[in-house]
Amino acid sequence: MADTDHDLLRPDLWELLLPAIKAARKAGRDYASSGRYVPRQSLTEYQQNDAGWPQVTSDRVLAPKSGLLDWSDLFGFKEGVGTTILISDVPELAESVREISGRAMEDDGLLCGVSLLAPRMDAENTNERREQVEFETLRMLIGRILNRADAVEAETDAELRSIYQQIERARFSKTLTGDVIVPLVAASFDADEPFHIDGNAWIEPLTKADHRVRALSWIQQDVSPYVAAAATHAVVLRDVQFTNQVHTLSIGREWPPEISADLAHAVAEAVYIVTEIPTGFAQILVRPRDWADDWEQDLPPLWSAWTGRAYPEDLNDREWAKARTPIPATEIDDIVRIAKALKTAGKKVAIAARRCRRTSFRDDVEDVILDIAIGIEALVGKETDALTHRMAQRAAIALADDLPPANTYSLLKQFYGIRSKIAHGDSPKKWTVKLGENEFSAIWTGRYLLRSLLRSLLLADKPWDASSLDERMLERLGRPEGYPIADSEEE
């Protein structure tokens, strides 16, 4: 074993892989030079729609006829479809693969590192488990290393070892470090550079390479690949260390406990509070630091920790994708301040922000009204019976710098009249509120008031609550010389 292998986690595996990789590479290149058919690596191309939204998917109708060899699909164990070169025709490759599978049967750590499925198979079926290890070692280990090596023009042993070391860490290291990336769909920011939120939290523009690597398939069942693609920026937590779950089956997998989506939710809530743009996310990705489980040619790797729908279902109709208006810098500043404030906000404020954004997920008007009411009560309610009069007064005081207090008071009182009917099982005759001669949608009005209250509170130098609003109201009603202090009652 070479002295330079002391920093490898499994130098014994590398010792077996290197001769196999070199023999496979020579055999594959000799075969390709003969002019016969060989599989080629596909490459996802960047594309966007007329409005400027990224719309990259990973599907390809036809296999590429040119480009780099696809080593993960070149060798096989039996003649037939999917086999271009028999592994038995490359003795050093076949011998190394057999030796790795044999050792894996006696080494659980090695077994889990070289195979996803074999550790889950019946231990009594040794032959089947060995075949599975050999298949994955050939296709998903040696194949991936050679695909990356061709893409980055790695030829020397040291260069091949560097690629192996990255995939080795992904498979055998107990912990990994990377930047957690959560692309925000259907929201665009007028910012070409990253902007800081707090600590290790940033919002960064996504690169074309990011879009190509993170692209989803057309056949994705639980999320629209086009909505997932339509993100120009991402919430990023830099340098997060987490428990390694990279080389595990993705079906039913939860993301590592050290990876949190809380900040992404907070930013999505802040975007909605400031702009009323419904957003969310469909992916949680990790940008690796010196490790990778797979690559797309020479592009920087990304690991998919989670895929699913954490955005309003209405976005799937993609009507919003016909235009793209980036959020301006002034509103970005407010979004950052609000997202930062939400990180440390109390429970009531967190409830209000969550209920506010949740209205964009609802398709039932009564549910929307109730969400808004819960949010408003969390901010300006204090009494156990949520007296509308008191809440309307507090809201009027809180928004007095932006709205005439009488208007706020009247609109909130009317909104709560509708809410009360719903809460008591009645259907409101009208879903509007009136101000002077003008009528407004109750949902629009309630949502506007809740967003305004949240914005007022979260952007305030000194955040208010129901009690401080009461004090402010008394101060405005107080006499210049003050009031006499009442004597306390004697027991």
Side-chain angles (χ1 to χ4, degrees), residues 46-56 179-216 223-238 260-287 300 302 309-312 314-316 318-343 353-354 356-357 360-361 451-452 454-455 458-459:
Y46 177 80
Q47 55 188 335
Q48 62 184 37
N49 68 7
D50 292 340
W53 289 107
Q55 293 288 266
V56 187
D179 301 335
V180 178
I181 297 176
V182 186
L184 291 177
V185 303
S188 180
F189 298 86
D190 187 14
D192 295 328
E193 299 293 332
F195 48 96
H196 191 214
I197 297 176
D198 186 37
N200 68 335
W202 296 74
I203 294 179
E204 297 182 8
L206 293 167
T207 66
K208 289 183 178 181
D210 292 333
H211 293 301
R212 293 164 66 190
V213 176
R214 73 182 187 89
L216 299 180
V223 61
S224 164
Y226 296 102
V227 175
T232 63
H233 291 71
V235 177
V236 178
L237 289 171
R238 297 179 178 176
S260 172
D262 290 349
L263 180 65
H265 285 297
V267 173
E269 289 165 2
V271 169
Y272 196 71
I273 291 167
V274 174
T275 68
E276 207 175 358
I277 294 174
T279 184
F281 55 92
Q283 295 171 297
I284 298 177
L285 309 165
V286 177
R287 181 166 57 211
L302 289 174
R309 186 176 67 82
Y311 61 81
D314 285 351
L315 294 183
N316 284 340
R318 291 193 288 153
E319 283 296 315
W320 51 271
K322 294 178 180 178
R324 185 173 73 89
T325 304
I327 299 169
T330 53
E331 292 186 337
I332 290 175
D333 290 341
D334 286 349
I335 289 169
V336 168
R337 290 175 60 193
I338 288 174
K340 182 177 178 180
L342 284 171
K343 288 179 63 178
R354 185 170 64 250
C356 182
R357 177 172 171 248
S360 67
F361 286 73
R451 289 177 50 238
S452 298
L454 281 164
R455 190 165 181 167
L458 292 166
L459 292 177

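Computed over heavy atoms, backbone and side chain alike; hydrogens, waters and symmetry mates excluded. Computed from a prediction, not measured in an experiment: that's the story for all the values here.
For the pair T232 and A187, the tightest heavy-atom approach, listed with the atom from each and the gap, is OG1-O, 3.7 Å. Considering all non-hydrogen atoms of both residues, A353 and I273 come closest at CB-CD1, 4.3 Å. Across all their heavy atoms, P312 and S360 have their closest contact at CB-O, 3.2 Å. Of all heavy-atom pairs between D190 and I332, the closest is N-CD1, 3.8 Å. Closest approach of V56 and A215 over heavy atoms only: O-CB, 3.5 Å. Annotation for L216 and A228: closest pair CD1-CB, 3.7 Å, computed over non-hydrogen atoms.
Within the 4.5 Å cutoff, the side chain of P278 has no heavy atoms near those of the Y311 side chain. With contacts defined as side-chain heavy-atom distances shorter than 4.5 Å, the pair V227/W320 qualifies. Contact check for S452 versus R455: no side-chain heavy atoms found under the 4.5 Å cut-off. Side-chain contact check for H196 versus P194: every heavy-atom pair is 4.5 Å or farther apart.
Remark: R287 CZ to E204 CD distance equals 4.5 Å, nearest 0.5 Å. Here the CG-NZ distance, from D198 to K343, works out to 4.0 Å after rounding to the nearest 0.5 Å. Atom CG of D333 sits about 9.0 Å away from atom CZ of F195, to the nearest 0.5 Å. With values rounded to the nearest 0.5 angstrom, I327 atom CD1 is found 4.5 Å from T275 atom OG1. In this structure, CG on L302 lies 9.0 Å from CZ on R214, to the nearest 0.5 angstrom. Atoms CG and CD1, on L206 and I181 in that order, are 7.0 Å from each other to the nearest 0.5 Å.
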List the steps and the verdict of side chain to side chain contact (heavy atoms under 4.5 Å, CB included) for D334 and T330. CA-CA 7 Å; D334 286 349; T330 53; over 6 Å; no
Check step by step if side chain to side chain contact (heavy atoms under 4.5 Å, CB included) holds for F281 and V223. CA-CA 10 Å; F281 55 92; V223 61; over 6 Å; no
Audit row: L454, Y272, side chain to side chain contact (heavy atoms under 4.5 Å, CB included) steps and yes/no: CA-CA 11 Å; L454 281 164; Y272 196 71; over 6 Å; no
Begin with the C-alpha distance, continue with both residues' side-chain angles, and end with the deciding distance and a verdict on side chain to side chain contact (heavy atoms under 4.5 Å, CB included) for E269 and C356. CA-CA 8 Å; E269 289 165 2; C356 182; over 6 Å; no
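Side-chain contact annotation: T207 with D210, donor-acceptor N/O pair under 3.5 Å present.
The side-chain hydrogen bond (donor to acceptor under 3.5 Å, both in side chains) check on D262 picks up S260, with sequence neighbours excluded. Residues passing the side chain to side chain contact (heavy atoms under 4.5 Å, CB included) test with Y226 are Q55, T57, W218, S224, R318, sequence neighbours excluded.
A side-chain donor-acceptor contact under 3.5 Å links N49 to the backbone of A321. Side-chain N or O atoms of R337 include none that pairs as donor or acceptor with a backbone N or O of L458 at under 3.5 Å. Remark: the backbone N or O of A270 is not paired with any side-chain donor or acceptor of R357 at under 3.5 angstrom. When atom types are taken as modelled, the side chain of W202 and the backbone of R238 share no donor-acceptor pair closer than 3.5 angstrom. Counting only distance, with no hydrogens or angles, the side chain of H233 and the backbone of A191 share a donor-acceptor pair below 3.5 Å.
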